[in-house]
Amino acid sequence: MDNNKTKNEPVGLFADKALKDEPINVENSTTAPTQPININKTSASHTTDVATSINTSSNYEVEDSTTRESKKTTIASGEALKLAVVGHTNTGKTSILRTLLRDVYFGEVKNEAATTRHVERAQLTDSQTGEVLVALYDTPGLEDASGLMDWLEDNTASRRDGIERLQQFLAADIAQGGDALSSNEDYSQEAKVIRQLLASDMAVYVVDAREPVLGKYKDELTILSWAAIPVMPVFNFTDSQNANIDEWQTMLARRNLHISTRFDSVAFEFEDEMHLWQNLATMLTHSEMLEQLMQRRTEDWAQLYDEANIIIADFLLNVAAFVREISDDDDPMPVLQQMQEAVRQSERAMQHNLLNLYKFYDNAVAATPLELQAYQQDPFDPELLKSYGIRTTSGAAAGALLGLGIDAAALGTTLGLGAAIGGIAGGLLSNTSSIADRITGVKRLYIDPATLTLLATRAIDLLTALRHRGHAATDATQLLYKGDKDSNDLSGEDNNVTPWPTNKLPSELKKARGKPQWSSLSSGKAELAQSLRLDMAWSLSGKLQSHKRES
């Protein structure tokens, strides 16, 4: 971020009359986790580039209380849009900015009033050129607009225009706060909002759609209209059953605010974000920056999806190629347990890569989907397979081993296996090892098709969840996407759709069965194994994308 003061000064529609706060640079000290592994064909830095392309600013500026004037201009072609985010306290202004920025660390989000006390600036840039397209300003909540409206009516002349009346307020003691006050009235928080309004090109007015239409909100809109810049209402928390959007739209229409949009900062929809930018663009004379932003973010969003599917495909191939050999008379159970643990760790690493790609970090600061039971449960729990409706066609013995996730047909009829499963299997297991293996007495252990199908389904579901989860979501009990079942309900068998029938693995996974060198779990050579399976990962990712859970 440029620290040159002249570039940080407001150059909005009425910036010369706004009592501008001096910006103070604040470094974002949070260290993001390591980015996902790179499995792109063309660029060693591609994964990191994709993961960072949407969240475009890691430094923010906090506006403080110093008066400054700057050059008066109007927005022109080629200028970054200065967009103020305003609204009543606790309506989710910072939450919306977190989701737009794809940044779980921006600002402070609490379920209490007046969390934001200063104007905080962030920016959206072109991920390819670095050009700043939109400067976003998170403002304090309007705490007492009705009281301020009374003061304006009593102390400013109605024949003066709105900007003049707001300027008179900004020059008064009640706008300064602190020791400057000669009464108990303190409107310094509202003053910060108005200063930023007058320094901005336009504003979005955040509405908590769950709230009824009250007089204080009408007064807020009246005061905002006096700034003489376009204002667009944005409905937050629209996924709530208590939303009062129709009532709000009626009130807004009576105030000539006919353009509004829905943007839920928790239950995220990318299409809603595009509608937000499109509606703002219709209110501007020069909308080139917003059009460029929409194009780039659409491209970035698609690229993230491609990259995520490659991460999943690479993980599945790594597991499918995983093989361990034992002697004919060895007890397989210790090896089975080792293989299970290796697969668990590999799945967890894949999940972290997806979280990092979409900028959800699995730590104490930001709640993540991995806190939900559906993603914590052991992939080798037979009840989990049942909840996904995954069945085996290999007979009772194979069914008894589903919890182990091992290809029962490859185990043979060893004494160790028989002792391990006791009488549960209900019969002997067929031996499909090659003739050469029979002669040498070698048994090969693989991860079975049912477990591979389960791992694929869970990964696809997690990806879908991440694409529908706003970065303001802080509660693990919040559903990840519309229509998602309760994460504690694992009884339904028809809620999950597998990407392929269990007995019809994709050709890429079948081929991996004969390529143990493709698996780092087998060889311990992660980079070499990854490079060997790269082409198959690209091919399999295309098949994963053809299976869409998203409506």
Side-chain angles (χ1 to χ4, degrees), residues 37-39 41 310-350 353 379-380 392 394 398 401-414 416-417 420 429-456 459 500 502-541 543-544:
I37 54 174
N38 173 32
I39 49 179
K41 284 184 175 180
I310 294 171
I311 289 173
I312 295 172
D314 180 78
F315 156 71
L316 293 173
L317 289 166
N318 195 29
V319 173
F322 188 19
V323 60
R324 291 287 298 274
E325 294 182 352
I326 61 173
S327 298
D328 186 61
D329 56 353
D330 285 346
D331 183 354
M333 296 310 295
V335 178
L336 296 178
Q337 293 171 355
Q338 293 172 10
M339 293 181 74
Q340 287 180 352
E341 184 57 29
V343 172
R344 290 188 192 101
Q345 293 181 13
S346 182
E347 184 189 33
R348 184 70 177 188
M350 177 274 297
N353 286 341
F380 296 100
T392 178
S394 302
L401 287 176
L402 276 179
L404 298 175
I406 304 299
D407 193 340
L411 287 176
T413 57
T414 65
L417 178 61
L429 302 178
S430 61
N431 189 341
T432 58
S433 300
S434 67
I435 295 177
D437 289 342
R438 292 183 183 184
I439 294 174
T440 59
V442 173
K443 302 295 183 183
R444 287 187 171 88
L445 311 184
Y446 300 89
I447 304 302
D448 72 340
T451 301
L452 285 172
T453 303
L454 169 64
L455 293 172
W500 49 71
T502 303
N503 60 341
K504 293 183 179 180
L505 292 179
S507 58
E508 294 84 357
L509 294 181
K510 291 180 179 178
K511 185 174 182 178
R513 282 295 184 81
K515 302 288 184 180
Q517 66 273 23
W518 285 8
S519 177
S520 61
L521 305 178
S522 300
S523 66
K525 300 177 180 179
E527 292 185 6
L528 176 60
Q530 188 179 15
S531 65
L532 292 173
R533 63 179 182 260
L534 183 57
D535 287 338
M536 285 296 102
W538 276 90
S539 177
L540 180 58
S541 71
K543 294 181 179 179
L544 293 175

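Given the structure is predicted, the values throughout are model-derived calculations rather than measurements.
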Practice task
State whether the number of non-hydrogen atoms from other residues, nucleotides or ligands found under 6.0 Å of K510 atom NZ is greater than 12.
Solution key: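 Atom NZ in K510 is packed in, count exceeds 12.
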
Handout entry: Heavy atoms from other residues, nucleotides or ligands near NZ of K543 exceed 12 (cutoff 6.0 Å)
Key =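 Yes, the 6.0 Å shell around NZ holds more than 12 heavy atoms from other groups.
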
Show the nearest heavy-atom pair for residues [X] and [Y], with the distance to one decimal.
X    : Y    : result
W518 : M536 : CH2-CG, 3.2 Å
L454 : P379 : CD2-O, 3.1 Å
S541 : A313 : N-CB, 3.7 Å
A529 : S520 : CB-N, 3.6 Å

What's the spacing between [X] [atom1] and [Y] [atom2] if we round to 0.5 Å?
X    : Y    : atom1 : atom2 : answer
L336 : L445 : CG    : CG    : 5.5 Å
N318 : E347 : CG    : CD    : 12.5 Å
R533 : F315 : CZ    : CZ    : 10.5 Å

Minimum side-chain heavy-atom gap [X]-[Y] below 4.5 Å:
X    : Y    : answer
V323 : S519 : no
L532 : K515 : no
V319 : M350 : no

Practice task
Output yes when a side-chain donor or acceptor of T453 lies under 3.5 Å from a complementary backbone atom of P449, and no otherwise.
Solution key: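 Yes, because the side chain of T453 sits within donor-acceptor range (under 3.5 Å) of the backbone of P449.
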
Handout entry: Under 3.5 Å side-chain donor-acceptor pair for E341 and Q337
Key =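 No donor-acceptor contact under 3.5 Å links the two side chains.
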
